[in-house]
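Here the structure is laid out as structure tokens; the discussion comes afterwards.
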Number of protein chains: 2
Amino acid sequence: MQNSKIKPVTAADRTDGPEATYVLDVQVGFLLRRAAQRHLAIFFEHLPDMTSTQFAALAKLCEVGRISQNELGRRIAMDAATVKGVVDRLRARGFAETKKDPEDQRRLLVSPTGDGQMAFENYRGAAVKITRETLAPLNEDESEALLKLLSKLG
Amino acid sequence: MQNSKIKPVTAADRTDGPEATYVLDVQVGFLLRRAAQRHLAIFFEHLPDMTSTQFAALAKLCEVGRISQNELGRRIAMDAATVKGVVDRLRARGFAETKKDPEDQRRLLVSPTGDGQMAFENYRGAAVKITRETLAPLNEDESEALLKLLSKLG
DNA sequence: CGATATTCATTCGTATACAAATGGATTTTG
DNA sequence: CAAAATCCATTTGTATACGAATGAATATCG
């Protein structure tokens, strides 16, 4: 039996009226951060050799082959300053290489090395597992729904 | 009319078989990062004075009053190392204060200052707007569903 | 009671993340 | 064509994030 003295949370709690409450644990921003956090933890567990970000960049590089650094950033939703660091680290690991675009002196062309492509192939299975484990609390329909909603939000 | 030569993405594309493809743009991790990113951009637009993280900590502090630094971190899903930096910055802005727990010399008790509470009240409306704008691409039902799914995922 | 385990806060190192500013290269436009 | 606008990469500065290690304080347990 429910205690009738406990005031349930209603739509009114989400307005910005003067006596509105603000429950952090229910805000999209908080929930997004928490979910991303859990995902990263799972990622690290299965693939400690590489960060999620680096893997994303490598995956995109293997998908498109050769691309300018800025364009790569755009495709994987990364700031120019951020993508520079990521590419630097991929390069340091021998997974990517860069050279100036002869057709446009502004551009820095980035491509995956053979090692980078092999690494991607080797890690892809783990990445799939990571995705699966991240979505494990949800059933098939819920997973579909979540991906669709997140896509709309992006 | 659809071009019948374009192979649609099916469930098979999400398996880890030998010739499986890995489409980055459809992975939960990627979508979570993108959604969080957009949320942070909206946050910055409406509330450039404070980061989302700092606001979350302040909100929790105003909710619970006084709490040890580690416990605060636990409640807002923040690493001990991370929460230290956040509390330091809140303190530097005069929004929080700390003192050693006389009952347990290990603990550092954190509480919101008067200024901190006022700031929270002042910013709460903006925070509500931020949440609303983040969810703007979704209708009421979809928003509900997203929050529920994200909660399950956390 | 006393050894062991746990908790707490801090520090260090590394990796995102992004705003803002800069300088060089290319494109647009008047 | 030349000035203005845009694009590209880089740098700087600040703020999360977290693993790992450390030392101090408390709790647990034999």
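None of these values were measured; they are calculated from a predicted model. So you know, we letter chains A, B, ... as the sequences are listed, proteins then strands, and number each from 1.
- The side chain to side chain donor-acceptor pair (under 3.5 Å) with Thr134(A) is formed by just one residue from the set His39(A), Arg38(A), Lys129(A); it is His39(A).
- Residue Gln37(A) has a polar side-chain atom (N or O) positioned under 4.0 Å from OP1 or OP2 of dC18(D).
- Judged by distance alone, with hydrogens and angles left aside, the side-chain atoms of Ser143(A) form a donor-acceptor pair with the main-chain N or O of Asn139(A) at under 3.5 Å.
- Whole-Å rounding puts the Leu58(A) CG to dT16(C) P distance at 13 Å.
- Listed by residue number, Asp79(A), Ala81(A), Thr82(A), Val86(A), Arg89(A), Asp104(A), Gln105(A), Arg106(A) are the residues of residues 72-109 of chain A with a heavy-atom contact under 4.0 Å to DNA chain C.
- The only option from Ile76(B), Ile67(B), Val110(B) that meets the side-chain contact (heavy atoms from CB on, under 4.5 Å) definition with Lys60(B) turns out to be Ile76(B).
- Nearer the 5' end of DNA chain D, as judged by each residue's closest nucleotide, is the contact made by Ser68(A), out of Phe44(A) and Ser68(A).
- Side-chain N/O atoms of Thr113(A) and Glu97(A) include no donor and acceptor closer than 3.5 Å.
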Could you go through residues 147-154 of chain A and list every donor-acceptor pair under 3.5 Å that involves a side-chain atom there, pairing it with any protein atom two or more places apart or in another chain?
residue	atom	partner	partner atom	Å
Ser151(A)	OG	Leu147(A)	O	2.9
Lys152(A)	NZ	Glu142(B)	OE2	2.6

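- Looking at Arg93(A) and Asp115(A), no side-chain N of the basic residue comes within less than 4.0 Å of a carboxylate O on the acidic one, giving no salt bridge.
- Not one side-chain nitrogen or oxygen of Ser52(A) sits closer than 4.0 Å to the OP1 or OP2 atom of dT16(C).
- The interatomic distance linking Gln54(B) (CD) with dA17(D) (C1') rounds to 14 Å, in whole Å.
- OP1 and OP2 of dA15(C) both lie 4.0 Å or more from every side-chain N or O belonging to Thr51(A).
- When the ring pair (Phe, Tyr, Trp, His ring centres under 6.0 Å) test is applied to Phe55(A), the partners found at least two apart in sequence or on another chain are Phe120(A), Tyr22(B).
- Between the P atom of dT16(D) and the CZ atom of Arg33(B) lies a distance of 19 Å, rounded to the nearest Å.
- Rounding to whole angstrom units, CD of residue Gln69(A) and P of dG24(C) are separated by 19 Å.
- Between the CZ atom of Arg38(A) and the P atom of dA17(D) there is a distance of 18 Å, rounded to whole Å.
- Between Asp49(A) atom CG and dT14(C) atom P the separation is 17 Å, expressed in whole Å.
- Separating the CZ atom of Arg34(B) from the C1' atom of dA17(C) is a distance of 16 Å, rounded to the nearest angstrom.
- As rounded to whole Å, 18 Å separates atom P of dA24(D) from atom CG of Asn70(B).
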